[in-house]
Asker: 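If you scroll down you'll find the structure; I have some questions about it.
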Amino acid sequence: LIGGVAYVGYEIYQDRNPEPQVKPDPSKKTLVVLGTGWGSVSLLKRLDTENYNVVVISPRNYFLFTPLLPSCTTGTIEHRSIMEPIRTILRSKRGHVKYYEAEASSIDPDRKVVRVFDNSEVRGETIETEIPYDMLVIGVGAENATFGIPGVRENSCFLKEIGDAQLIRKKIMDCVETAAFKDQSPEEIDRLLHMVVVGGGPTGVEFAGELQDFFEEDIKKLIPDISDRFRVTLIEALPNVLPSFSKQLIEYTESTFKEEKIDIRTKTMVKKVTDKAVEAEAVSPDGKKEKVSFPYGLLVWATGNAVRPVVRDLMGKIPAQKDSRRGLAVNEYLVVQGARDIWAIGDCAVAGYAPTAQVAGQEGNFLARLFNNMAKTEALEERIRDLSGSLNLKPGNVAEISREIEETERQLRRIKDIKPFHYSHQGSLAYIGSEKAVADVSWFNGNFASGGSLTFLFWRSAYLSMCFSTRNRLLVINDWLKSKLFGRDVSR
Ligand code: NAD
């Protein structure tokens, strides 16, 4: 306990007492980092920033703990509890570290500049500028895939950013309050209270589970007259949900959803969305295709990732990227193929792994180690050059200088040996509603699959330990307790 309190105290002290900011050092390289997500923040956390002039650029001035984002859509967790300001993260870093709130629009790999724009509301106009780099890390993530399906962008909510979760929270209550309004037709009540989720990946499944909890635990008690009309439908094109989980957990999730009365429609591919209905093509058990329509009040679209325009633009400038479809192809050191001094991490990079927070985090850690090593290597090589130069100037000290050269060379050999990036999969976790979770965990070279209430406790403790800061952890615990004791806040 004393250790824990001392640690919390130390973290708070560090947070409240920033390092003095220093001017850029012209003898150091400028390292530009794009993005403040899992990849970039993991890199910044471990990077020895004294070795570089560091510039961080992102339109989002905070890190978002995305695994708990579905819980923000229903108010189980308040959104600020899973946000950590980038300024707080950077203030304990030594050396020259700058942050600009701006979005990168293009990268010129020949001139080594990033074009950025800032459309600040207070200024009322967009400002564009260029930021030069010696080394560039692209960690801008991905955008929502819509596959060009008509009506999706105009009518759906996504679930990627904090604003998306806030919008969903408002819309759920809008649907509920409108349905509860005087003299609504039964068809309209049914439509408004039909919540449709498209995409049976972890995002869609977790959101559907949270939504059903919200209804069962809170809405139903507060507005009993609509309680038998609320429905959640999860639509998935493949034959089952959670395709990346083991068969046993897929079956467990599907049977739990059945108990929770969440309707799963697999083998159903959405083709078109209007402002009031989702049009899909379903494959029936006898293999026939039939058209189905789902009138909805709220539609959440969670069908995975697509490449961001800034990344697509860069891919178009590099011939070696012409066959890559899902993002920037990188080599085993995460260097963008066909480019010099550019690395890519996280969901915008194609390194042969799934686009998850876990992969992005490990890639960021790897790059931090690589860059720390590169700086050390350069410093040692310079030391060897200086020592070799002084051999002729100080003939009396030849033996001593030679010994020092040998020792420096030994150090250099040791640190130069950095192995390529290797992803170590710790497992996958997903919340499935009614205080149950599923976990596919890899431990001691074995795989363990579990689902249920104990797994839910494991899910909570694992996510709690992964939260960015002690402040986040305390806020999340507080939110969990608050929603358990007093119910979720249903105000819009
Ligand atoms: P996903 O890519 O995992 O799943 C999207 C699903 O949408 C697919 O199963 C696909 O078949 C379906 N789909 C696509 N188009 C469709 C259509 N027109 N009609 C019906 N269904 C359609 O997407 P995600 O859940 O957003 O996850 C993105 C990535 O992030 C994945 O790699 C995932 O593993 C990871 N992630 C992991 C967790 C976790 O482990 N808890 C949570 C969130 C995200």
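Start at 1 and go down the list; that is how both ligands and their atoms are numbered.
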Asker: If we ignore hydrogens and angles and just use 3.5 Å, is the side chain of D313 paired with the main-chain N or O of S106 as donor and acceptor?
Answerer: no
Asker: Is any NZ, NE, NH1 or NH2 atom of the basic residue among K276 and E188 found under 4.0 Å from an Asp or Glu carboxylate oxygen of the other?
Answerer: no
Asker: Using a heavy-atom cut-off of under 4.0 Å, does the side chain or the backbone of V205 touch ligand 1, or both, or neither?
Answerer: neither
Asker: Between Y353 and ligand 1, find which residue part has any heavy-atom pair under 4.0 Å and reply side chain, backbone, both or neither.
Answerer: neither
Asker: Give a yes or no on whether the ring-centroid distance for W343 and Y333 is below 6.0 angstrom.
Answerer: no
Asker: May I ask you to list the atoms of ligand 1 that are less than 4.0 angstrom from any heavy atom of T268?
Answerer: 19 (N), 20 (C)
Asker: Against R60, only a single residue in E161, E103, E84 fulfils salt bridge (charged side-chain N to carboxylate O under 4.0 Å, His left out); can you say which?
Answerer: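 Of the listed options, the one satisfying the test is E161.
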Asker: For the residue pair F207 and Y431, is the inter-centroid distance of their aromatic rings smaller than 6.0 Å?
Answerer: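 No - the distance between ring centres of F207 and Y431 does not fall below the 6.0 Å cut-off.
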Asker: Which ligand 1 atoms are under 4.0 Å away from a heavy-atom of L429?
Answerer: 39 (C), 40 (O), 41 (N)
Asker: Just wondering, are more than 12 heavy atoms of other shown residues or ligands nearer than 6.0 Å to NZ in K317?
Answerer: yes
Asker: One residue to check: A302. Relative to ligand 1, which of side chain, backbone, both or neither has a non-hydrogen atom less than 4.0 Å away?
Answerer: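 Contact part for A302 vs ligand 1: backbone (N, CA, C, O).
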Asker: Is there a salt bridge (charged side-chain N to carboxylate O under 4.0 Å, His left out) between E78 and R169? Walk through the geometry before answering.
Answerer: CA-CA 11 Å; E78 293 297 336; R169 191 172 169 182; 3.1 Å; yes
Asker: Parallel, tilted or perpendicular: which fits the ring planes of F456 and W459, with parallel below 30° and perpendicular above 60°?
Answerer: parallel
Asker: Which bit of T66 gets closer than 4.0 Å to ligand 1, counting heavy atoms only: side chain, backbone, both or neither?
Answerer: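 No part of T66 is near ligand 1 at this cut-off.
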Asker: What is the closest protein heavy atom to atom 18 (N) of ligand 1, and at what distance does it sit?
Answerer: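 Result for atom 18 (N) of ligand 1: V270 O, 3.3 Å.
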Asker: Among all protein heavy atoms, pick out the one at the shortest distance from atom 16 (C) of ligand 1; state its residue, atom name and that distance to 0.1 Å.
Answerer: T303 CG2, 3.8 Å
Asker: Determine whether the aromatic ring centres of residues W38 and F468 are separated by less than 6.0 angstrom.
Answerer: no
Asker: Looking only at protein heavy atoms, which one is nearest to atom 26 (O) of ligand 1, and what is the separation?
Answerer: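 Checked against all protein heavy atoms, atom 26 (O) of ligand 1 sits closest to T203 OG1, 2.9 Å.
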Asker: Considering non-hydrogen atoms of the protein only, which is the closest contact for atom 4 (O) of ligand 1, and what is the distance?
Answerer: G201 CA, 3.5 Å
Asker: Looking only at distance, does A237 have an N or O less than 3.5 Å from an N or O of ligand 1?
Answerer: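 Yes, there is a polar N/O contact under 3.5 Å.
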Asker: Tell me whether E177 is salt-bridged to R492, with the criterion being a basic N under 4.0 Å from an acidic carboxylate O.
Answerer: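 R492 and E177: not salt-bridged.
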Asker: Does V198, backbone or side chain, put an N or O under 3.5 Å from an N or O of ligand 1?
Answerer: no
Asker: What is the nearest protein non-hydrogen atom to atom 32 (O) of ligand 1, stated with its residue, atom name and distance?
Answerer: P355 CD, 3.3 Å
Asker: Which atoms of ligand 1 are found less than 4.0 Å from any heavy atom of Y463?
Answerer: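 Reading through ligand 1 atom by atom, the close ones are 41 (N).
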Asker: So which protein heavy atom does atom 34 (O) of ligand 1 come closest to, and at what separation?
Answerer: P202 CG, 3.7 Å
Asker: Let me see the working for D263 and K261 under salt bridge (charged side-chain N to carboxylate O under 4.0 Å, His left out), right down to the final yes or no.
Answerer: CA-CA 6 Å; D263 188 12; K261 300 198 183 65; over 6 Å; no
Asker: M269 heavy atoms, cut-off 4.0 Å: which ligand 1 atoms fall inside?
Answerer: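 Within the 4.0 Å cut-off of M269, ligand 1 contributes 17 (C), 18 (N), 19 (N).
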Asker: Looking at D218 and K220, is any side-chain nitrogen of the basic one under 4.0 Å from a carboxylate oxygen of the acidic one?
Answerer: no
Asker: Any idea which protein heavy atom is nearest atom 28 (C) of ligand 1, and the distance to it?
Answerer: G304 CA, 4.5 Å
Asker: Within the 4.0 Å heavy-atom shell around I149, which atoms of ligand 1 are there?
Answerer: 18 (N)
Asker: Among all protein heavy atoms, pick out the one at the shortest distance from atom 11 (O) of ligand 1; state its residue, atom name and that distance to 0.1 Å.
Answerer: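 Checking every protein heavy atom, the shortest distance to atom 11 (O) of ligand 1 gives E236 OE2, 2.6 Å.
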